[in-house]
Novice: 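My questions all concern the structure below.
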Amino acid sequence: MAGDKAVAQVWASRWVFILAATGSAVGLGNIWKFPYMTGVYGGGAFVLMYLLCIALVGMPVMLAETIIGRRGRHSPVVSLQHLAAEQGASSRWAYGAVMGLVCGLLILSFYSVVAGWSLSYIIDMGKGTFSGISGEQAGAAFGALTADPVKLILFHTVFMLMTAWVITRGVVAGLERALRWMMPVLFLLLLILLGYSLTTGHFMQGVEFLFHFDPAKVSEGLLPALGHAFFTLSVGVGSIMAFGAYMPRRAPVGATILTVGLLDTVVALGAGLALFPIVFAAGLEPGAGPGLMFVTLPVAFGNIAFGQVMGVVFFVLVAVAAWSSSISMLEPAVAYFSDRHAGGRVRFTWLLALVCWVLGIGTVLSFNQWAELKFFVSGSDGFALWAWGVEGGKTFFDLVDYLTSRIMLPLGGLIFVLFAGWILGRAVLREELEVQHPLLLNGLLLLLRVVAPAGILVVFVTELLK
Ligand code: PFF
């Protein structure tokens, strides 16, 4: 991707950008994380906060990243350095992108473990392990998987190898070709799952859970919703900025990113609408946490006609959706290091993948051997950085998830949106946005300069005061 010189190639059309950005955005965040977070944070209030955060903060940050990338035409760190110099601003702005690439690596470390669960489920689905299964049995099957560190490490390793392989071979184009048909199939299977959840007799209960707004639950879910809006749109890391560097000069940026955001939101809501009726019908717990999808889907596929085949296809698609996202997490870091040391791309890819792999072991162990190891514990005996076998606190997985989604992504997003809004300046933005109508231009400027930054700050402050 972007070297130290400006990128030579530009994508054939904005559709390729849409495909790549959607490939990055749609992933485990939509199908695995969104439903389980909605369950944990109590339903409708979380969903409403999430949608507001997408519209008022996430989309403006995506706009900012795309503009910076397209104008900078380099890897994120170098783009920010160049643009800052061009505007006479401090090169320290580029630290935002440095933090972003570290954040991408941290996310990849646990993302790969969860993607590994999907790989394991492809095999179990294929073997017919889940046919006729009840909710309770599905819970036990998931428990058995996560209790087995060797198996988890094996699948984590396979997924990490797949990710690094694509980056070293530069077969991103091949993946794009694959995404062209995989995305529609994923939509189709979600529709079939929705059809199944309509027959469970609990569909309305699912709808009620997702869309019933309970004001009492707002404050608890606010920061999680903001963090998840960033996570699901892949913003705050620099991934979208890296893709923006390949955008054709003349392409309507606003309409393009709106398409990506809409597709991402539709998949998340579709997954939620499909899952929760099944959760209620099978007598499962909506607040079950990270295992929610892996317990719910086997019940659905285990009890419908052709469920075995559809289940295999579904988990293959989940793995591919995760694959196209994981590549975009690693790419900014690889691009940065190979910018600095020419010719080392392959070596850096393997090295960075190894770092993520080692960190991922911590996530693997959070679900078994280290389940009792808790970080940031505050209890009656005061605060401890870590402790063993206590109530509360965060497991290693929780800790990495918390640091990335709740702190680093919003902070990275804040830096990018402030840079685009205030440093690039009005004339540049008018040129990049290509909007003629002054009202629309002012509206977009207001989003970039005021609404999105204020939104992030308000959520942070609210969280601190809680
Ligand atoms: N957006 C991806 C998902 O929803 O699964 C996750 C992700 C990809 C986060 C790329 C961050 C990133 F840079």
Side-chain angles (χ1 to χ4, degrees), residues 1 19-38 50 53-54 58-59 61-62 65-66 69 75-77 96-118 159 163 166-167 172 175 179 182-183 186 224-244 257 260-272 290 293 317-336 352 356 400-401 403-413 416:
M1 262 201 191
L19 206 65
T22 310
S24 169
V26 174
L28 295 172
N30 308 62
I31 305 163
W32 161 71
K33 206 172 181 202
F34 170 72
Y36 102 64
M37 290 190 74
T38 303
Y50 160 83
C53 289
I54 293 261
M59 295 307 293
V61 174
M62 193 188 272
E65 283 200 30
T66 314
S75 64
V77 176
V98 174
M99 181 180 70
L101 64 87
V102 174
C103 181
L105 297 177
L106 288 173
I107 293 177
L108 180 56
S109 77
F110 71 78
Y111 203 83
S112 166
V113 175
V114 179
W117 300 349
S118 313
F159 189 80
T163 303
V166 171
I167 295 197
V172 175
L175 202 77
L179 286 175
M182 282 175 171
M183 284 290 165
L186 185 68
L226 179 77
H228 189 61
F230 279 91
F231 186 92
T232 193
L233 294 175
S234 307
V235 294
V237 164
S239 298
I240 299 292
M241 201 185 287
F243 288 157
I257 62 146
V260 178
L262 271 175
L263 285 173
D264 189 76
T265 308
V266 166
V267 175
L269 291 179
M293 160 187 136
L317 292 172
V318 170
V320 173
W323 199 9
S324 58
S325 302
S326 65
I327 291 160
S328 71
M329 289 168 206
L330 190 52
E331 178 61 34
V334 171
Y336 173 70
L352 292 169
C356 294
V400 181
D401 182 30
L403 280 179
T404 50
S405 285
R406 314 258 167 106
I407 299 174
M408 297 172 88
L409 291 180
L411 217 56
F416 298 154

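Just follow the structure's listing: the first ligand is 1, and inside any ligand the first atom is 1. Here the structure is a predicted model, which is why all the values come from computation and not from measurement. Every heavy atom of this structure was used, including side-chain atoms; hydrogens, water molecules and symmetry mates were not.
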Novice: Can you give me the closest heavy-atom contact between Leu233 and Gly261, atom names plus distance?
Specialist: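 Looks like CD2-CA, 4.1 Å.
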Novice: Could you tell me which residues satisfy side chain to side chain contact (heavy atoms under 4.5 Å, CB included) with Val102, sequence neighbours excluded, listed by chain and number?
Specialist: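 Side chain to side chain contact (heavy atoms under 4.5 Å, CB included) list for Val102, sorted by chain: Leu106, Met408.
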Novice: Show the short N or O contacts, below 3.5 Å, that ligand 1 makes with protein N or O atoms; if there are none, say 'none'.
Specialist:
unit_1, atom_1, unit_2, atom_2, d
ligand 1, 1 (N), Ser24, O, 3.2
ligand 1, 1 (N), Ala25, O, 3.0
ligand 1, 1 (N), Phe231, O, 2.8
ligand 1, 1 (N), Thr232, O, 3.1
ligand 1, 1 (N), Ser234, OG, 2.9
ligand 1, 4 (O), Ala25, O, 2.9
ligand 1, 4 (O), Gly29, N, 3.3
ligand 1, 4 (O), Asn30, OD1, 3.4
ligand 1, 5 (O), Leu28, N, 3.1
ligand 1, 5 (O), Gly29, N, 2.7
ligand 1, 5 (O), Tyr111, OH, 2.5

Novice: Measure the shortest side-chain to side-chain distance between Phe231 and Thr404 over non-hydrogen atoms and say whether it is less than 4.5 angstrom.
Specialist: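 Answer no - side chains too far apart.
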Novice: Do Ser239 and Ser234 have side-chain atoms, one donor and one acceptor, less than 3.5 Å apart?
Specialist: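 Result is no, nothing qualifies.
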Novice: Going by ring-ring contact (aromatic ring centres under 6.0 Å, His included), name the residues that satisfy it together with Phe34, two or more places apart in sequence or in a different chain.
Specialist: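 If we apply the ring-ring contact (aromatic ring centres under 6.0 Å, His included) test to Phe34, skipping adjacent residues, the hits are Tyr50.
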Novice: According to the salt bridge (charged side-chain N to carboxylate O under 4.0 Å, His left out) rule, which pairs have a member within residues 23-33, sequence neighbours left out?
Specialist: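 Passing the test, one end in residues 23-33: Lys33-Asp401.
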